[in-house]
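Here's the structure, in structure tokens; my notes come after.
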Amino acid sequence: MMTIQQMEKELRVLICAQCRSQFGGDPDSVVFGMPPETIDADYAVECFSMSKLFRKSPADIARTIANMDRPEWVDSIIPAGPYINIKLTPAFLERTVFDQIDAEQTRFGWQKQDTPARVIVEYSSPNTNKPLHLGHIRNNVLGVAVVNLLRAMGNDVIPASILNDRGIHICKAMVAYRKFFEGQTPETAGMKGDHFVGMTYVRFDQESRGDESLMEEARAMLRAWEAGDPATRDLWKRMNRWVTEGFEQTYARLGSTFELVQFESDMYQEGKSLALDGVQKGIFYRREDGSIWFDLRDIGLDEKAIVRGDGTSLYLTQDLGVAVDRARRYHPDRVIYVVGSEQIYHFKALFAALGRLGFEWAAQCVHLSYGMVYLPEGKMKSREGKVIDADNLMDDMTRMALDVMEESHLQIDDADRRSIAEAIGIGAIKYFILKVGALKDIHFDPRGSLSFDGSTGAYLQYTHARIRSILNRAGEVPDTDCITGWLTQKEETTLLRKLLRFPRCLSDAAADLNPSRLALYLWELAKLYNGFYTNHRVLDAPGPEIRAARLRLCRSVAMTLRCGLELLGIRAVERM
RNA sequence: GCGCCCGUAGCUCAGCUGGAUAGAGCAACGGACUUCUAAUCCGUAGGCCGUAGGUUCGAAUCCUACCGGGCGUACCA
């Protein structure tokens with residue numbers, strides 16, 4: 001059996017061979033594009049870019065390539081001006097697509113690497129003084145999708161998170177707890193732990209506005225923490241535990257998982273010793289007040305502080321320490337940081353610092369940045385409590401989905417209904433985020449996003465459920481291996497051609513670290529399927545062969561939708 | 001000031017490393033359920049791809065300048 005990837009490679013080799021024999025060289029690249037709808041072909045290759053290389057007109061090149069010997073599975077290679085259009089034999093197209101999907105199932109389009117690259121993907125990395133909000137959702141959703149895509153491409157991926165569990169923001173929550181909530185726990189307050197601590201943090205902000213002394217207390221608390229004061233450390237541990245327990249629930253709903261969780265409180269010393277090391281080597285320098293700096297003006301940045309005058313560490317110091325620690329323990333080939341675009345400068349500085357300290361792997365660090373998430377009123381401000389809380393949002397979306405389900409005729413018990421509503425509600429958020437390119441800001445319209453119309457996760461899930469319903473009614477899907485050639489309708493061919501492109505969609509999305517490509521592909525696939533669905537019958541198709549062939553087509557589309565959705569972290573439901 | 005990102009239909013966005021006639025969705029209007037899930041489908045309408053130059057056989061895509069918006073430029077994280 002030949003896979004789609006092997007078949008495309010084979011075609012490329014043949015085209016190159018023809019170029020070598022006729023023009024004396026290989027083309028720079030052979031890109032398999034999509035012919036316009038009016039042309040009946042599976043691939044289009046443009047010959048413009050070869051024109052300069054071979055000193056012939058694109059049309060001449062197209063004609064020459066089209067004359068090549070073709071394997072028996074290629075139906076025709078037809079030059080059309082500067083393009084060649086390649087059409088596979090319909091039977092081969094069907095067999096290749098169907099057999100591969102049947103063989104690979106939920107791993108359709110995945111690849112194996114002989115020596116898998118080890119990739120650390122850092123994402124989420126929250127502060128432990130408040131619950132996760134919409135901005136974190138974007139981070140987690142992107143992070144999960146990137147992890148999944150890289151894994152599908154055969155990489156050895158380590159999802160990592162670092163909890164920012166120390167610093168003045170934590171102390172603020174602790175001060176407020178002692179002053180206003182002493183003796184209470186998340187249980188007595190009837191709240192999730194992260195929400196409980198978040199409440200103390202908000203309270204601090206409110207109270208400290210009219211009372212400067214609170215800020216003083218927070219600073220004193222930070223000093224006590226650094227000094228290792230037992231009572232302070234005790235409270236700190238307790239509150240951190242509340243928060244992380246709350247996070248675990250949120251992560252479970254979001255589908256975020258980590259293989260490596262580290263704590264800033266364990267790591268920040270490492271960065272400091274690296275800084276001192278750098279001073280010794282003459283890479284960093286001290287100012288009179290004792291602070292440590294390095295100069296990035298030669299690469300268009302500024303001077304950056306790396307340790308404070310009082311010897312305490314900064315954000316950059318911590319990330320330096322974490323990076324070196326991870327490299328030492330895991331020897332990654334790449335490190336991908338999923339962090340908002342407001343940190344672009346920070347990561348430039350971080351990577352530059354690592355490079356100057358002599359770590360060659362610094363060149364393999366990538367900051368995958370993404371845009372802001374705005375509310376209609378403006379940027380989210382966590383201290384003002386004007387945020388879309390992650391848990392609340394997931395609840396709201398789930399409830400919305402439930403309401404819509406109530407109106408439907410679906411006969412299912414309450415537990416199933418809840419679970420499906422959860423998949424739809426959370427899938428809607430995820431798809432809403434993933435379908436736009438990461439760099440774009442998202443203007444989040446809470447009401448609008450609750451709609452399930454158009455290019456949405458629910459649309460994809462609905463299409464999947466619709467197909468599954470047909471397959472369930474059909475019972476056993478007969479094996480049509482020996483009866484290819486029955487899918488002759490336009491919609492059927494278009495669907496097959498779309499399926500043909502799934503493996504490349506995955507590898508492109510993974511290579512660009514861009515899940516939105518996959519999100520878009522799935523929407524297009526679902527759209528094509530729904531077009532087919534309204535125009536043609538499956539179960540009572542005209543003849544048993546067509547019925548069987550269509551069932552197999554349906555099964556393949558459903559499986560591809562499921563594969564894609566799951567890579568995006570969205571559950572494909574059987575019914576809805 | 002400097003750096004990075006964004007600017008495509010009324011709104012939200014696609015448009016792959018330049019390539020066959022700029023595409024969707026939403027909103028608006030008009031159609032399609034005795035028929036495999038109408039959370040669907042079909043149709044109509046809507047564009048000087050921010051502006052001006054440049055490179056090219058060919059530009060929404062690459063380069064330059066400008067305009068508009070965002071983010072950053074902390075001994076905050």
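Values below: every heavy atom of this structure, side chains too, minus hydrogens, waters and symmetry copies. Throughout, protein chains are lettered first and strands after them, A, B, ... in sequence-line order, and every chain is numbered starting at 1.
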(message) Could you go through E226(A) and R223(A), starting from their C-alpha distance and side-chain angles, then the distance that decides it, and tell me whether this counts as salt bridge (charged side-chain N to carboxylate O under 4.0 Å, His left out)?
(response) CA-CA 5 Å; E226(A) 297 251 357; R223(A) 285 192 294 274; over 6 Å; no
(message) Using the rule given for salt bridge (charged side-chain N to carboxylate O under 4.0 Å, His left out), can you reason through R497(A) versus D40(A), listing the C-alpha separation, both sets of side-chain angles and the distance that settles it, and then say yes or no?
(response) CA-CA 11 Å; R497(A) 285 177 180 155; D40(A) 177 33; 2.8 Å; yes
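Listed candidates were C42(B), U40(B), A20(B). Nearest to the side chain of A80(A) is A20(B). The nucleotide whose nearest atom lies closest to any side-chain atom of N127(A) is, among A77(B), A39(B), C71(B), A77(B). Among the nucleotides C71(B), U37(B), C4(B), the one closest to the side chain of K348(A) is C4(B). Of the candidate nucleotides C36(B), C41(B), A39(B), C36(B) has the atom nearest to the side chain of V538(A). Relative to the side chain of L314(A), the nucleotides C57(B), A77(B), U37(B) differ in distance, and A77(B) lies closest. Checking G25(B), U40(B), A20(B) against the side-chain heavy atoms of P36(A) singles out A20(B) as nearest. Of the candidates C71(B), U40(B), A77(B), C71(B) carries the atom nearest the E342(A) side chain, counting heavy atoms from C-beta on.
The number of heavy-atom neighbours closer than 6.0 Å to CZ of R417(A), taken from other residues, nucleotides and ligands shown, is above 12. Annotation for E406(A): atom CD counts as buried by contact number, over 12 foreign heavy atoms lying within 6.0 Å.
The separation between I168(A) atom CD1 and A77(B) atom P is 10 Å, rounded to whole Å. In this entry the distance linking OH of Y529(A) with P of C41(B) reads 12 Å, nearest Å. Rounding to whole angstrom units, OH of residue Y345(A) and P of G3(B) are separated by 13 Å. If you measure from atom CG of L222(A) to atom C1' of A77(B), you get 13 Å, rounded to the nearest angstrom. The CZ atom of F48(A) sits 8 Å away from the P atom of A20(B) (whole-angstrom rounding). Between the CG atom of D302(A) and the C1' atom of C4(B) there is a distance of 14 Å, given to the nearest Å. In this structure, W523(A) places its CH2 atom 11 Å from C1' of U40(B), rounding to the nearest Å. The separation between D512(A) atom CG and U17(B) atom C1' is 9 Å, rounded to whole Å.
Distance check: Y462(A) OH to T456(A) OG1 gives 12.0 Å after rounding to the nearest 0.5 Å. The NE2 atom of H367(A) lies 9.5 Å from the CD atom of E122(A); values are rounded to the nearest 0.5 Å. Taken to the nearest 0.5 Å, the CH2 atom of W523(A) stands 10.0 Å off from the CG atom of L528(A).
Among the heavy atoms of the strands lying under 4.0 Å from Y315(A) is at least one base atom, whether or not backbone atoms are also near. Across all strands shown, Q461(A) has no heavy atoms under 4.0 Å from either base or sugar-phosphate atoms. Across all strands, N530(A) comes closer than 4.0 Å only to sugar-phosphate atoms, never to a base (heavy-atom distances). Counting any heavy atom pair closer than 4.0 Å across all strands shown, W293(A) reaches a base atom. Within the 4.0 angstrom heavy-atom criterion, no nucleotide atom of any strand lies near I292(A). The residue H536(A) sits close to a base: some heavy atom pair falls under 4.0 Å. Across all strands shown, V307(A) has no heavy atoms under 4.0 Å from either base or sugar-phosphate atoms. When heavy atoms are screened at a 4.0 angstrom cut-off, R575(A) is found touching base atoms of the nucleic acid. In this structure, S313(A) reaches the sugar-phosphate backbone alone: every heavy-atom distance under 4.0 Å involves primed, P, OP1 or OP2 atoms, never a base. Within 4.0 Å of R473(A), counting heavy atoms only, lie sugar-phosphate atoms of the nucleic acid but no base atom. Nucleic acid contact class of G167(A) (heavy atoms, under 4.0 Å, all strands): none. As judged by a 4.0 angstrom heavy-atom cut-off over every strand, E574(A) is placed among the base-contacting residues. Across all strands shown, N85(A) has heavy atoms under 4.0 Å from base atoms, whether or not it also approaches the sugar-phosphate.
An OP1 or OP2 oxygen of G70(B) is reached within less than 4.0 angstrom by no side-chain nitrogen or oxygen of Y370(A). In this model, the phosphate group of U37(B) is approached by a side-chain N or O of S469(A) to a distance below 4.0 Å at OP1 or OP2. In this structure, R550(A) does not reach the C36(B) phosphate: none of its side-chain N or O atoms is under 4.0 Å from OP1 or OP2. Proximity of Y533(A) to the phosphate of A38(B): a side-chain N or O atom is located under 4.0 Å from OP1 or OP2.
Taking the six-membered ring for Trp and the full ring otherwise, the centers of F532(A) and Y529(A) sit less than 6.0 Å from each other.
Positionally, the nearest nucleotide of RNA chain B for G33(A) lies more toward the 5' end than for the other of G33(A) and R166(A).
Ion pairing between a basic and an acidic side chain is recognised when a charged N comes within 4.0 Å of a carboxylate O; D266(A) and R166(A) show no such pairing. With respect to the salt-bridge test (charged N to carboxylate O, under 4.0 angstrom), the residues E524(A) and R501(A) do not qualify. Contact check on R399(A) versus D403(A) returns no salt bridge, with no Lys/Arg side-chain nitrogen under 4.0 Å from an Asp/Glu carboxylate oxygen.
Classified by its glycosidic torsion, C33(B) falls in the syn category, the angle being within 90° of 0.
Using bins of under 30°, 30° to 60° and over 60° for the plane-to-plane angle, the ring pair Y337(A)/F351(A) lands in the tilted bin.
Look at the C1' atom in both G25(B) and U64(B): the space between them is 35 Å, to the nearest Å. Taking atom C1' in both A45(B) and G10(B), one finds a spacing of 12 Å when rounded to whole Å. Distance noted for atom P between G3(B) and C57(B): 32 Å (whole Å). For the C1' atoms, the distance linking G43(B) with C48(B) amounts to 28 Å, nearest Å. The separation of G31(B) from C71(B), taken at their P atoms, amounts to 46 Å, rounded to a whole angstrom. Between U61(B) and U51(B), the two P atoms lie 11 Å apart (nearest whole Å). If you take atom C1' in C29(B) and the same atom in G69(B), they sit 33 Å apart, rounded to whole Å. For the P atoms, the distance linking U55(B) with G47(B) amounts to 31 Å, nearest Å.
Taking 3.5 Å as the limit, the base of A39(B) and the side chain of D403(A) contain no donor-acceptor pair of atoms between them.
Every residue two or more places apart in sequence or in another chain was checked for a ring pair (Phe, Tyr, Trp, His ring centres under 6.0 Å) with F204(A), and none qualifies.
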(message) How would you summarise protein contacts on nucleotides 7-15 of chain B per nucleotide, using B for base, S for sugar-phosphate only and - for none, with heavy-atom distances below 4.0 Å?
(response) S-----SS-
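For RNA chain B, if you chain together Watson-Crick or G-U pairs that step i with j, i+1 with j-1 and so on, the runs of at least three with distances under 3.5 Å are B:1-7 with B:67-73, B:10-13 with B:23-26, B:28-32 with B:40-44, B:50-54 with B:62-66.
Note that R466(A) lies in the cation-pi zone of Y533(A), set by a 6.0 Å cut-off to the ring centre and a 45° limit from the axis.
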